[in-house]
There are 2 protein chains.
Amino acid sequence: MAGLTIGDLADRTGLAVSAIRFYETHGIVAPVRNAGGHRRYGRHDLRRLSFVMAAQKLGFPLAEIAAHLAPLPPHKAPTKADWTRISKTFRRDIDDRIAALTDLRDKLDGCIGCGCLSLKSCALYNPADAKGKDGSGPRNLKQIAG
Amino acid sequence: MAGLTIGDLADRTGLAVSAIRFYETHGIVAPVRNAGGHRRYGRHDLRRLSFVMAAQKLGFPLAEIAAHLAPLPPHKAPTKADWTRISKTFRRDIDDRIAALTDLRDKLDGCIGCGCLSLKSCALYNPADAKGKDGSGPRNLKQIAG
DNA sequence: CCTTGATCTCAAGTTAACTTGAGGAATTAG
DNA sequence: CTAATTCCTCAAGTTAACTTGAGATCAAGG
């Protein structure tokens, strides 16, 4: 059981080799090294990366994803209980997100009805969420996640 | 009817003045200039910016949002028909997104059941969408939008 | 009229999430 | 045992979406 090479992982996940190395610097995978200094991964790393890919499709920032994965054992396969727990947390996040989208859709339906010509009563224009400024850099990812 | 200053717009939308100027370079607003070279906006620009903010919360990239707004008249208030049309398109996008999230949630439910211990049958691991590589830069926003 | 305060322009910095490239070793197929 | 792959590290480039700063001008209250 020599483990998987980074190329194997790339082939099986569809990720670029460079991306997998990048994820390592963010604590998402923690491969072991062989005699020649090459990375060797376990099958559980396939699962970690799949989770990352799924979560990213939802717009979650890497840091948050890494936090979700942090409690799992880094080198061994996690137990069924481990995965069940993190899956449930993830599910909660998805539910929140669906709720937010549904809410926005309903508001938009109102806008379609009114033609959005009245600013005072427009749900899109008055989203009931005020300011959320912190630091510099892109804002919208944080907004998605928040 | 002198129009709104950029500061007015910032106060009423919650956006930073710099952000509004930035949006101008991306064709999202097209203010007129007064004698002294200062920007003057109309009330319809409030609506444009609100739309941008709402769409961004959903993770849509600015370029796509700009494209949605492009068919609207830049300096005059759009007609009710204009807004209804773009609202409907937007709604379709929201629906797609809700569907994708719901789908993922269902898959995840399967994973919670199985403990995600079987890689071959894991819905998260086999998302039925293969590769989508184009150019450099961040990938996940494109993935969201795709 | 004069002093704040708001704007202007333009260049450069920032964060996230990666990719690309250079120069050099380790693996593996034949 | 080579030759071709694959992998290594490290620095630097890229895109999106803004922010920050400098130096200068415009506008508005007293």
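These numbers were taken from a predicted model, which means no experiment stands behind them. Residue numbers start from 1 in every chain, and the chains themselves are labelled A, B, ... in the order their sequence lines are given, proteins ahead of strands.
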Which nucleotide in the set D:dT9, D:dA17, D:dC7 lies at the smallest distance from any side-chain heavy atom of B:Leu62?
D:dA17
Please list, for nucleotides 27-30 of chain D, all pairs of protein and nucleotide N/O atoms separated by less than 3.5 Å.
residue	atom	partner	partner atom	Å
D:dA27	OP1	B:Asn34	ND2	3.0

Expressed in angstrom and rounded to an integer, what is the separation of A:Phe60 atom CZ from C:dA16 atom P?
17 Å
Among D:dA17, D:dT9, C:dC8, which is the nearest nucleotide to the side chain of B:Arg33?
C:dC8
Which heavy atom of B:Gln56 sits nearest a heavy atom of B:Ile65, and at what distance?
CG-CD1, 3.6 Å
Over its full length, what angle do the end axes of the helix from C:dC1-D:dG30 to C:dG30-D:dC1 make, each axis taken from five pairs and the result rounded to 10 degrees?
20°
List the atom of B:Gly42, the atom of B:Leu4, and the distance in Å for their closest heavy-atom pair.
O-CD1, 4.0 Å
Please identify each residue that fulfils side-chain contact (heavy atoms from CB on, under 4.5 Å) with B:Ala10, with sequence neighbours left out.
B:Val17, B:Ile20
side-chain N/O A:Arg39 vs D:dT9 OP1/OP2, d < 4.0 Å
yes
To the closest 0.5 Å, what do you measure between CZ (A:Phe51) and CG (A:Asp45)?
14.5 Å
In Å and rounded to the nearest 0.5 Å, what is the CG to CZ distance from A:Leu9 to A:Arg40?
11.5 Å
The criterion is salt bridge (Lys or Arg N to Asp or Glu O under 4.0 Å); which residues satisfy it with B:Arg33, sequence neighbours excluded?
B:Glu24
Those residues that, when tested against A:Tyr41, pass side-chain hydrogen bond (donor to acceptor under 3.5 Å, both in side chains) (two or more places apart)
none
With a 4.0 Å limit, can you tell me whether B:Thr5 has a side-chain N or O closer than that to the phosphate oxygens OP1/OP2 of C:dT7?
yes
Salt bridge (Lys or Arg N to Asp or Glu O under 4.0 Å) partners for B:Asp82, two or more places apart:
B:Arg85
Separation of D:dC18 P from B:Ile6 CD1 (nearest whole Å):
14 Å
Between D:dC18 (P) and B:Ile65 (CD1): distance, integer Å
9 Å
What residues form a side-chain hydrogen bond (donor to acceptor under 3.5 Å, both in side chains) with A:Asp8, not counting sequence neighbours?
A:Thr5
Between residues 19-26 of chain B and DNA chain D, which residues have a heavy-atom gap below 4.0 Å?
B:Ala19, B:Phe22, B:Tyr23
Can you tell me if A:Gln56 touches the phosphate of C:dA16, counting only side-chain N or O atoms and a distance under 4.0 Å to OP1 or OP2?
no
Look at the side chain of B:Ala16 and decide which nucleotide, out of C:dT19, D:dT19, C:dC8, has an atom nearest to it.
D:dT19
Nearest-angstrom distance from the residue atom CE of B:Met53 to P of D:dA17:
15 Å
Test salt bridge (Lys or Arg N to Asp or Glu O under 4.0 Å) applied to B:Asp96 and B:Arg92, step by step
CA-CA 6 Å; B:Asp96 286 351; B:Arg92 210 165 18 246; over 6 Å; no
Taking side-chain hydrogen bond (donor to acceptor under 3.5 Å, both in side chains) as the definition, give me every residue that meets it alongside A:Asp93, ordered by chain and number, with sequence neighbours left out.
A:His68
Heavy-atom nearest pair, B:Arg21 first then B:Ile6, reads CG-CD1, 3.4 Å
5' precedence on DNA chain C between A:Ser18 and B:Tyr41 (nearest-nucleotide basis)
B:Tyr41
Whole-Å gap separating C1' (D:dC7) and CG (A:Leu4):
15 Å
